[in-house]
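All values reported here derive from a predicted model rather than from experimental measurement. Remember, it's 1-based here, ligands and their atoms both numbered in the order they're listed. All residue numbers refer to positions in the sequence shown, counting from 1. Basis for what follows: all heavy atoms, side chains included, without hydrogens, waters or symmetry-related copies.
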Amino acid sequence: MIASSLIDIGINLTHDSFNSDRDAVIARAAQAGVVQMIVTGSSGPSTRQAIELAQSHSGRLFATAGVHPHHASELSDDLLADLRQLAMLPEVVAVGECGLDYFRDLSPRAVQQTAFHRQLELAALVGKPVFLHQRDAHADFVAILSEHRKALAGGVAHCFTGSREELIAYLKMDLAIGITGWICDERRGSHLLPLMR
Ligand SMILES: [Zn+2]
């Protein structure tokens, strides 16, 4: 049975693939009981677009402000200063998505780590939680996050598909766990389903 009201905390609604039917998608979500959605910002431009969407659907859509590890090389001092302003807007409910992705390595790992530090500092500064991305980078991810955890309002490890041990490490850090990967992709999440019982 579907609950009467759901909040989807990670929708990539700024993606080009929604250019032709974005409003229809938002309407269908409402009909299905998804009362609020948080549009993921993953770069400077997509953060601005996410905020515009949130502002034009006030109270229904919200946004995150941040730079995905794939785009970590783009996080200049100027963009960081922009994100600081954007992250303070009332429509922005979290900083991210940010983190580490050693599976694709689209930005160099040292650059990803620096961008992750800067965004965790930003989240602490604005007092908002972090929307976290991690793939094949568990040890470095936990090490960096541990340094900042006390200063953070909270965080969610979105689309978690790691091991039982990684799950326990995140829960010990008092992170929320996104289970979309478990329930939508049996190749990546089936090993975790027994843990839900
Ligand atoms: Zn992600």
salt_bridge(Asp136, Arg104) N-O dist < 4.0 Å: no
Matching residue for Ile11 among Thr40, Val39, Ile26 - test: side chain to side chain contact (heavy atoms under 4.5 Å, CB included): Val39
N, O or S atom of His158 closer to the Zn ion (ligand 1) than 2.8 Å: yes
Geometric cation-pi criterion, Arg135 with Tyr102: 6.0 Å, 45°: no
Atom name of the N, O or S atom in Glu97 that lies nearest to the Zn ion (ligand 1): OE1
Contact flag His68/the Zn ion (ligand 1), N/O/S atoms, threshold under 2.8 Å: no
Ile51 backbone acceptor or donor facing Glu91 side chain under 3.5 Å: no
The Zn ion (ligand 1) to His133: nearest N/O/S atom name: ND1
